[in-house]
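Worksheet: one structure, shown below.
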2 protein chains.
Amino acid sequence: MSTSNLLTRLTAALPELNKSEVKVANAILENPEAATRSSIAVLAAAASVSEPSVNRFCKRFGATGFPDFKLQLARSLVSGVKYISRAVELDDSIDTYPRKLFDNTISALMLAKESLPLPAIERVVNHLSQARRIHFFGLGTSAAVAKDAEHKFFRFNVPVSSHTDPLMQRMLAASGGVGDLFFCISHTGRTQAIIEAAELARKTEATVVSLTCEASPLATHSHVVIGLDNKENTDDYLPMTSRIVQLVVLDVLAIGVMLQRGEGFLPHLARIKASVKNTRLPDDSD
Amino acid sequence: MSTSNLLTRLTAALPELNKSEVKVANAILENPEAATRSSIAVLAAAASVSEPSVNRFCKRFGATGFPDFKLQLARSLVSGVKYISRAVELDDSIDTYPRKLFDNTISALMLAKESLPLPAIERVVNHLSQARRIHFFGLGTSAAVAKDAEHKFFRFNVPVSSHTDPLMQRMLAASGGVGDLFFCISHTGRTQAIIEAAELARKTEATVVSLTCEASPLATHSHVVIGLDNKENTDDYLPMTSRIVQLVVLDVLAIGVMLQRGEGFLPHLARIKASVKNTRLPDDSD
DNA sequence: TTTATTTTGTAATAAAACTACATTAAACTA
DNA sequence: TAGTTTAATGTAGTTTTATTACAAAATAAA
């Protein structure tokens, strides 16, 4: 399983190959796309060599055989067209910018998925499921994230609140005690109001958890940090992808708590779901 | 040569397939990586169907046959994500469920991206940028979405508010006039309070826009609808992927409005960004 | 229930890939 | 240079894999 591109490897190896192998390599490089579609016979003919020569060639490059080689080739052909976050330009039209935005969000999530701080997540899940009270703090864009978190966690039978007022946050933080969990959300980790609230809470018996960017001031004032990288070149004017990642991380935490509660807890969730039934018009399907 | 990802297409087509085809699709989605390596016989066995069934399946998805299908599959796997919605199971561990959740969200976004109602989006962008006042209405999970939208659209120099109180919503809706834009957000499109608010607003000179699921009661009471499919089998107990899609659609709308305002508007956004600078600790980088 | 239609599977056929072995070419040795 | 060894390539047969034609179920319609 080589990390580098197969086509590059092919070109690089060219001088060390023997006659027929060079022929095969050239035939492939001539039209790699076509090569992925051809049978061993067709490719052998194109390279004017015998079929076993092609087969040997494939094995030489680490494949188990010709079909496997084609698979690798197909893979390396797309890898060049991988998802790149492309900034929206002023001359973008309705046919371009919506998809660009979705792509950016998707790739942000893909990146975040790769570098998920699982140990921290696990610790936070433990804190959350043992907490006697949970306070979500966020300002600006993170206020909406905090609100969303509140909506999710209240289902776990714990008193939950979200606060966007810095004064309220300070007062609550200062009066924290054992079992209180302060969950601070900040994209930059540099918002003073939140940092101060975290500081105040740290002086009490409460637990301070933060969802923010690594090695930020807020991070240093927390017991546990879920650190997300934020190389957000795309969010120049409007904050976008970062909060989506935060939301999904909060989903992960909620599911983590749910899984800890186990099967016996599902009826409780079902009851909550049922409770909103009569605020809705009947659905055709059920 | 389809532009969209094969895995996404597979998931999307799932409801329209017949028994054995569903079996094949699931076998592939279960482990797409393995599928690219298996022979038709192995895959047929894994899906407990006959080999010709697998073959027919491949042709149905535009491939010339099984090998060609495997090639396409290999190509779609390159981006590194498993575009499969796999529900979280009770025996999932920290090593599995976080990634599953990210994958589910990613695939929801990819699906949504494929079926984006661009004409509706364009119309809504026009309404938004011409509105003299914007009111975002949402309840439950959608309340957080409405809050997020408020945070984003206030940057456009228009009075924006978000409301989660049904009474407030009704009062505002009833007093709507020319230039007022009521933006209703509801995952199901069946929440009575929101529908009633939309009805009230429709009786005024105001414009009613909704972000909800297609062909729902709320949709019928709106001037313009941005319809999102919601085959949310993954959101059984906690609403998750649907709201993320809603948020990204709102990002799209915000960007759309921004693009309409044009280059001259960017300094304004920059000023807003600068205004929060002194609430933050200095950053090392800038 | 009977009949038409669709879906699925069986078995035969065709295609593709691989292996063992033979042949040729190249390199080395005397 | 001829003989010998070694590496490279090809041939032919074998095995695996994929496809096709057709028959049997299953499903839907009458």
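Naming convention: chains lettered A, B, ... in sequence-line order (proteins, then strands); numbering from 1 in each chain.
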How would you label the contact of A/Lys59 with the nucleic acid (heavy atoms, under 4.0 Å): base, sugar-phosphate, or nothing? sugar-phosphate
Would you please indicate yes or no on a ring centroid separation below 6.0 angstrom for B/Phe66 and B/Phe69? no
Can you confirm whether or not the ring centre of B/Phe183 sits under 6.0 Å from the ring centre of B/Phe137? no
What is the distance from [atom1] of [X] to [atom2] of [N], rounded to the nearest Å?
| X | N | atom1 | atom2 | value |
| --- | --- | --- | --- | --- |
| B/Asn55 | C/dT7 | CG | P | 16 Å |
| A/Phe57 | D/dA8 | CZ | P | 14 Å |
| A/Arg56 | C/dT19 | CZ | P | 11 Å |
| B/Phe66 | D/dT19 | CZ | P | 8 Å |
| B/Ile40 | C/dG9 | CD1 | P | 13 Å |
| A/Leu43 | C/dC18 | CG | C1' | 15 Å |
| B/Leu17 | C/dT7 | CG | P | 11 Å |
| B/Phe69 | D/dT17 | CZ | P | 18 Å |

Heavy-atom nearest nucleotide on DNA chain C taken for A/Ser39 and for B/Lys23; more 5' hit belongs to B/Lys23
Both B/Lys19 and A/Val49 contact DNA chain D. Taking the nearest nucleotide for each, which residue is further toward the 5' end? A/Val49
Considering just the side-chain nitrogens and oxygens of [X], establish if one lies under 4.0 Å of OP1 or OP2 belonging to [N].
| X | N | answer |
| --- | --- | --- |
| A/Asn18 | D/dT9 | yes |
| A/Ser20 | D/dA8 | no |
| A/Ser53 | D/dG10 | yes |

Please assess B/Glu214 against B/Val225 for the test side chain to side chain contact (heavy atoms under 4.5 Å, CB included), listing each intermediate value before the final yes or no. CA-CA 8 Å; B/Glu214 250 170 357; B/Val225 186; 5.6 Å; no
Should the pair A/Phe154 and A/His151 be assigned to parallel (<30°), tilted (30 to 60°) or perpendicular (>60°) ring geometry? perpendicular
Can you check side-chain hydrogen bond (donor to acceptor under 3.5 Å, both in side chains) on B/His223 and B/Arg123, steps first, answer last? CA-CA 10 Å; B/His223 289 106; B/Arg123 287 183 63 198; over 6 Å; no
